[in-house]
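Ligands are counted one by one from 1 in listed order, and the atoms in each one are counted from 1 as well.
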Amino acid sequence: MKTVITYGTFDLFHIGHVRLLRRLRELGDRLVVGCSTDEFNATKGKRSVMPYDQRVEILEACRYVDKVFPENDWDQKPDDIEREQADIFAMGDDWVGKFDHLADQVEVVYLPRTQDISTTDVRQLVKSLHTEQVEEIKSAIDHLSGLISKL
Ligand code: CTP
């Protein structure tokens, strides 16, 4: 039984997350995920759209994920690796080199990210759509005011 362990926020769950989790699961027989808590993200100045409980529920519903546990701080990884008896520690390659120090305990792997998608991109897209709608409403109001002023 080969266990793979990974970590992340997994906010606004998207195709890059699905593909990463699928490839992680293919590296072994069991995939366990440390999901960053809202409190931990706050220490990094990050605030997710979805609260921790919802992000966990979505991860648990993903067929590639066998277990989800909270990631509360940077230093818990050695304990998690031991508790879960993980054989492989794996992350997307935006983290290359950052966890090499775990290599004496576990095999450390970085997988290529899916191109052109991230939580940040989805957030930007929603924000730009919102801005577009605001602009449309403003121009409709201007148009109406113009009509009213002619009455
Ligand atoms: N990931 C990936 N491909 C993407 C986006 C993320 O493989 N296109 C991986 C990351 O490398 C990480 C995991 O998914 O190992 C969780 O990433 P997370 O930071 O939660 O998602 P991002 O979309 O990268 O979020 P952000 O834009 O906030 O950095």
Side-chain angles (χ1 to χ4, degrees), residues 1-140:
M1 167 72 81
K2 211 178 213 184
T3 296
V4 182
I5 192 166
T6 193
Y7 293 81
T9 297
F10 298 95
D11 188 24
L12 301 175
F13 198 79
H14 57 67
I15 193 68
H17 294 147
V18 174
R19 289 181 183 163
L20 179 86
L21 294 169
R22 184 171 60 224
R23 285 179 295 151
L24 291 177
R25 181 62 179 70
E26 283 167 3
L27 295 176
D29 310 295
R30 179 174 168 260
L31 174 61
V32 297
V33 181
C35 181
S36 308
T37 62
D38 297 334
E39 293 74 17
F40 179 45
N41 279 337
T43 69
K44 299 188 253 174
K46 268 179 81 171
R47 186 158 181 257
S48 57
V49 175
M50 295 169 165
Y52 173 75
D53 289 350
Q54 290 184 16
R55 291 183 282 113
V56 168
E57 206 173 319
I58 290 166
L59 279 168
E60 283 173 345
C62 176
R63 73 172 70 171
Y64 310 116
V65 175
D66 295 287
K67 179 180 173 181
V68 183
F69 61 88
E71 183 191 30
N72 297 301
D73 63 62
W74 288 108
D75 305 324
Q76 71 186 65
K77 293 184 179 72
D79 289 343
D80 296 339
I81 290 165
E82 198 176 319
R83 184 191 65 246
E84 300 300 335
Q85 301 194 332
D87 302 280
I88 299 176
F89 173 97
M91 298 285 292
D93 62 6
D94 42 327
W95 292 97
V96 163
K98 299 267 168 32
F99 298 106
D100 291 355
H101 58 280
L102 298 171
D104 50 5
Q105 200 187 357
V106 73
E107 183 185 346
V108 178
V109 174
Y110 303 100
L111 294 181
R113 277 169 70 93
T114 300
Q115 294 298 301
D116 304 323
I117 178 83
S118 70
T119 298
T120 308
D121 289 345
V122 178
R123 277 180 98 129
Q124 283 299 116
L125 180 67
V126 171
K127 208 168 149 195
S128 69
L129 290 178
H130 181 71
T131 309
E132 258 174 47
Q133 281 165 341
V134 170
E135 288 309 317
E136 273 173 29
I137 292 166
K138 271 190 192 159
S139 81

Does an N or O from D11, backbone or side chain, lie closer than 3.5 Å to an N or O of ligand 1? no
What pairs meet the ring pair (Phe, Tyr, Trp, His ring centres under 6.0 Å) rule with one or both residues in residues 41-77, with sequence neighbours excluded? Y7-F69, F40-W74
Do ligand 1 and G8 have nitrogen or oxygen atoms that lie under 3.5 Å from each other? no
Do other residues, nucleotides or ligands put more than 12 heavy atoms under 6.0 Å from E57 CD? no
If we only count N/O pairs under 3.5 Å, is L20 in contact with ligand 1? no
By side chain to side chain contact (heavy atoms under 4.5 Å, CB included), D104 pairs with (sequence neighbours left out) none
Is there a polar contact between ligand 1 and W95, counting only N or O atoms under 3.5 Å apart? no
Does any N or O of ligand 1 fall below 3.5 Å from an N or O anywhere on M91, backbone included? no
Might you confirm whether atom NZ of K67 has over 12 heavy atoms from other residues, nucleotides or ligands at distances under 6.0 Å? yes
Under 4.0 Å from ligand 1, counting heavy atoms only, is it the side chain of Q115, its backbone, both or neither? neither
Of all protein heavy atoms, the one nearest atom 11 (O) of ligand 1 is D94 OD1, 2.6 Å
I want to know if ligand 1 touches R23 in the polar sense, i.e. an N/O pair below 3.5 angstrom. no
Ligand 1 versus R19, non-hydrogen atoms closer than 4.0 Å: side chain, backbone, both, neither? neither
Can you tell me the protein heavy atom closest to atom 15 (O) of ligand 1 and the distance? G92 N, 3.0 Å
So for ligand 1, is T119 a polar contact partner (N or O within less than 3.5 Å, distance only)? yes
Is there a polar contact between ligand 1 and D93, counting only N or O atoms under 3.5 Å apart? no
Taking CD in Q85 as the centre, count heavy atoms belonging to other residues, nucleotides or ligands within less than 6.0 Å. Is the count above 12? no
Should we say atom NZ of K127 is surrounded by more than 12 heavy atoms from elsewhere, each under 6.0 Å from it? no
May I ask you to identify the nearest protein heavy atom to atom 2 (C) of ligand 1, giving residue, atom name and distance to one decimal place in Å? R113 CG, 3.6 Å
